[in-house]
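Both ligands and their constituent atoms are indexed starting at 1 by order of listing. Just the heavy atoms: all of them, side chains too, but no hydrogens, waters or symmetry mates, feed the values below.
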Amino acid sequence: MASSIKAERFEQLFSNSGVGIFIVDKERKIIEANEAFCKIFGFTYDEIILQSALTLHLSYASYVNFANIAFNKVRNNESLNLEYQFLHKEKKILWLRIAGDSIPNNKEVLWTITDITIQKENEQKICHLNESLSLEVKLQLKKLREKDKQLQFQSRLAQMGEMLSMIAHQWRQPLGAISATTSFLSSKLMLGQVDHAEFEEEIERIETYAAHLSKTIDDFRNFFKPTKQKEEITLESMVDKTLNIAKPLLTNKNITVQTDFTCKETIQTYGNELGQAILNIIKNAEDALLEHTVENPKISIRTYKDDKKVYLEIKDNAGGIDEAIFDKIFEPYFSTKLAKDGTGMGLCMSKTIVEEHCKGHLSVHNEAGCAIFTIALSK
Ligand SMILES: Nc1ncnc2c1ncn2[C@@H]1O[C@H](COP(=O)(O)OP(=O)(O)O)[C@@H](O)[C@H]1O
Ligand SMILES: [Mg+2]
């Protein structure tokens with residue numbers, strides 16, 4: 001009596017289970033299957049019972065492979081749990097998690113299965129998505145790098161252009177003087193008024209001018225040479241170096257330069273690059289002062305510090321940055337001077353130098369008709 005109740009309970013468990021259960025004999029014939037199994041594979045009980053397990057497999061090879069990796073092991077009393085592909089009655093591929101246990105006396109195997117097709121399909125979708133995402137990221141990164149390279153190249157070109165125009169300006173005066181001296185000497189020659197001492201004096205003057213020309217080139221070359229390693233500098237020395245290059249032009253345009261150095265602290269940074277950033281900001285101030293006729297055009301440069309940082313402030317009284325373009329001025333190629341010789345690279349390059357190379361911060365604000373650029377660097 002007790003055993004028949006037990007058998008009934010097992011019978012119920014077998015047929016009502018949500019998990020597919022089936023038993024194969026030693027020839028791998030399906031000798032028992034529950035409702036969940038039939039549902040998963042799409043067969044009726046009568047269609048599948050006493051059929052070979054081959055019916056459930058994708059191919060003969062897959063059937064043989066399953067014997068090697070699962071069936072034979074289970075028959076040797078190894079318990080097993082794996083994910084494997086099977087074939088639905090409608091020839092759809094099924095992904096099943098399948099676990100087997102041997103029924104030793106009869107050399108049969110009892111298999112339990114759960115359908116994980118949807119989960120697998122989702123995993124595959126995610127996998128594809130991941131692959132295409134990582135491809136897309138790589139592609140965009142490559143594009144960005146190319147753009148970055150192009151930007152660097154354009155910056156370099158812009159910088160060279162500016163450098164040439166500054167050299168040209170600084171050469172104009174000594175070149176003019178040389179040419180005036182040579183015409184003076186040749187007119188003397190023509191008139192036959194050759195005074196040996198005077199000629200020597202004038203030639204010496206020409207040599208001095210030529211030396212000056214050559215020094216200008218060296219100054220510029222050194223100024224624009226990239227620094228490979230960080231160096232110990234003070235903000236004051238940086239400003240001095242930059243003004244050395246820029247001041248002749250500023251003085252020539254009647255622009256006053258005022259400096260106020262309250263921070264004498266040394267910092268470790270890339271000096272020449274920083275100098276270029278400072279020069280770009282000063283050049284912009286000069287451009288702005290020339291564009292808007294201001295009564296006393298002035299560029300004020302000051303340094304100060306707090307606990308953590310040193311600051312360099314460059315201020316001009318040309319009226320400040322136009323509010324309409326305030327958010328754009330650091331963008332590459334943005335320039336309101338395109339009609340003249342603006343490249344729109346100066347501030348973008350300065351920001352890259354200050355923030356990426358020197359790990360500092362470059363900001364700007366307007367204050368009472370003045371544009372104020374501030375470079376902040378860690379001590
Ligand atoms: N000191 C300043 N005062 C007013 N506008 C400025 C100043 N500095 C920069 N700008 C604006 O920012 C723009 C971008 O500057 P920049 O990147 O150096 O390019 P560019 O000088 O070639 O135009 C300038 O065209 C100008 O409109
Ligand atoms: Mg500029």
Side-chain angles (χ1 to χ4, degrees), residues 147-148 150-169 220 223-224 238-239 242-243 245-250 252-260 272-302 311-358 360-376:
K147 218 169 161 188
D148 211 45
Q150 204 184 346
L151 218 67
Q152 272 178 14
F153 181 65
Q154 301 269 13
S155 299
R156 203 92 206 125
L157 273 184
Q159 200 74 62
M160 272 163 63
E162 292 223 1
M163 175 168 127
L164 271 178
S165 76
M166 280 189 276
I167 293 178
H169 180 267
F220 275 94
F223 190 81
F224 286 99
M238 284 320 308
V239 173
T242 316
L243 285 181
I245 296 274
K247 209 160 176 185
L249 241 131
L250 297 172
N252 188 266
K253 307 263 168 66
N254 288 325
I255 298 171
T256 316
V257 180
Q258 189 186 354
T259 54
D260 173 17
N272 275 12
E273 279 77 359
L274 191 62
Q276 286 170 41
I278 299 171
L279 184 64
N280 285 334
I281 297 169
I282 294 179
K283 286 284 295 169
N284 278 344
E286 178 201 327
D287 292 343
L289 287 167
L290 295 180
E291 194 186 329
H292 310 101
T293 12
V294 184
E295 209 166 302
N296 292 308
K298 188 163 87 177
I299 298 176
S300 318
I301 303 174
R302 87 182 171 104
Y311 299 87
L312 170 65
E313 196 183 270
I314 300 165
K315 172 169 150 183
D316 66 72
N317 60 349
I321 315 271
D322 189 347
E323 287 299 334
I325 60 159
F326 199 89
D327 294 335
K328 299 205 188 90
I329 60 168
F330 290 106
E331 284 173 15
Y333 312 114
F334 177 82
S335 174
T336 52
K337 307 168 209 162
L338 288 177
K340 296 177 213 155
D341 56 354
T343 58
M345 296 305 295
L347 286 181
C348 150
M349 184 178 157
S350 305
K351 200 157 178 79
T352 310
I353 289 175
V354 173
E355 303 196 346
E356 283 173 29
H357 291 208
C358 304
H361 189 62
L362 170 62
S363 59
V364 62
H365 68 279
N366 286 331
E367 196 180 289
C370 297
I372 303 178
F373 285 85
T374 309
I375 296 175

Pairwise, report which nitrogen or oxygen atoms of ligand 1 are under 3.5 angstrom from protein nitrogen or oxygen atoms, and how far apart they are.
unit_1: ligand 1; atom_1: 1 (N); unit_2: Asp316; atom_2: OD2; d: 2.8
unit_1: ligand 1; atom_1: 17 (O); unit_2: Gly346; atom_2: N; d: 3.4
unit_1: ligand 1; atom_1: 17 (O); unit_2: Leu347; atom_2: N; d: 2.9
unit_1: ligand 1; atom_1: 18 (O); unit_2: Asn284; atom_2: OD1; d: 3.0
unit_1: ligand 1; atom_1: 18 (O); unit_2: Asn284; atom_2: ND2; d: 2.8
unit_1: ligand 1; atom_1: 18 (O); unit_2: Leu347; atom_2: N; d: 3.4
unit_1: ligand 1; atom_1: 19 (O); unit_2: Gly344; atom_2: N; d: 3.4
unit_1: ligand 1; atom_1: 21 (O); unit_2: Asn284; atom_2: OD1; d: 2.9
unit_1: ligand 1; atom_1: 21 (O); unit_2: Lys337; atom_2: NZ; d: 2.6
unit_1: ligand 1; atom_1: 22 (O); unit_2: Thr343; atom_2: N; d: 2.8
unit_1: ligand 1; atom_1: 22 (O); unit_2: Gly344; atom_2: N; d: 2.8
unit_1: ligand 1; atom_1: 23 (O); unit_2: Ser335; atom_2: OG; d: 2.5
unit_1: ligand 1; atom_1: 25 (O); unit_2: Thr336; atom_2: N; d: 2.8
unit_1: ligand 1; atom_1: 25 (O); unit_2: Thr336; atom_2: OG1; d: 3.1
unit_1: ligand 1; atom_1: 27 (O); unit_2: Thr336; atom_2: OG1; d: 2.5

Legend entry - Pairwise side chain to side chain donor-acceptor pair (under 3.5 Å) hits with a residue in residues 322-334, at least two apart: Glu323-Asn366
Legend entry - Short side-chain to backbone donor-acceptor contact, Asp316 and Leu289, under 3.5 Å: no
Inset, instruction - With rounding to the nearest 0.5 Å, note down the distance linking CG in Leu157 to OG1 in Thr343. - result: 9.5 Å
Inset, instruction - Look up atom CD1 in Ile321 and atom SG in Cys370, then write down how far apart they are to the nearest 0.5 Å. - result: 11.0 Å
Inset, instruction - To the nearest 0.5 Å, tell me how far Leu290 CG sits from Asn254 CG. - result: 10.0 Å
Inset, instruction - Calculate, to the nearest 0.5 Å, the distance between atoms CD and OG1 belonging to Gln276 and Thr242 respectively. - result: 9.5 Å
Inset, instruction - Report, as a single number, the protein N, O or S atoms less than 2.8 Å from the Mg ion (ligand 2). - result: 1
Inset, instruction - Take atom NZ of Lys283 as the centre, draw a 6.0 Å sphere, and report whether it contains more than 12 heavy atoms from other residues, nucleotides or ligands. - result: yes
Legend entry - Asn284: side-chain contact (heavy atoms from CB on, under 4.5 Å) partners, not counting sequence neighbours: Asp287, Lys337, Leu347
Legend entry - Under 3.5 Å: donor-acceptor pair, side chain of Lys351, backbone of Leu362: yes
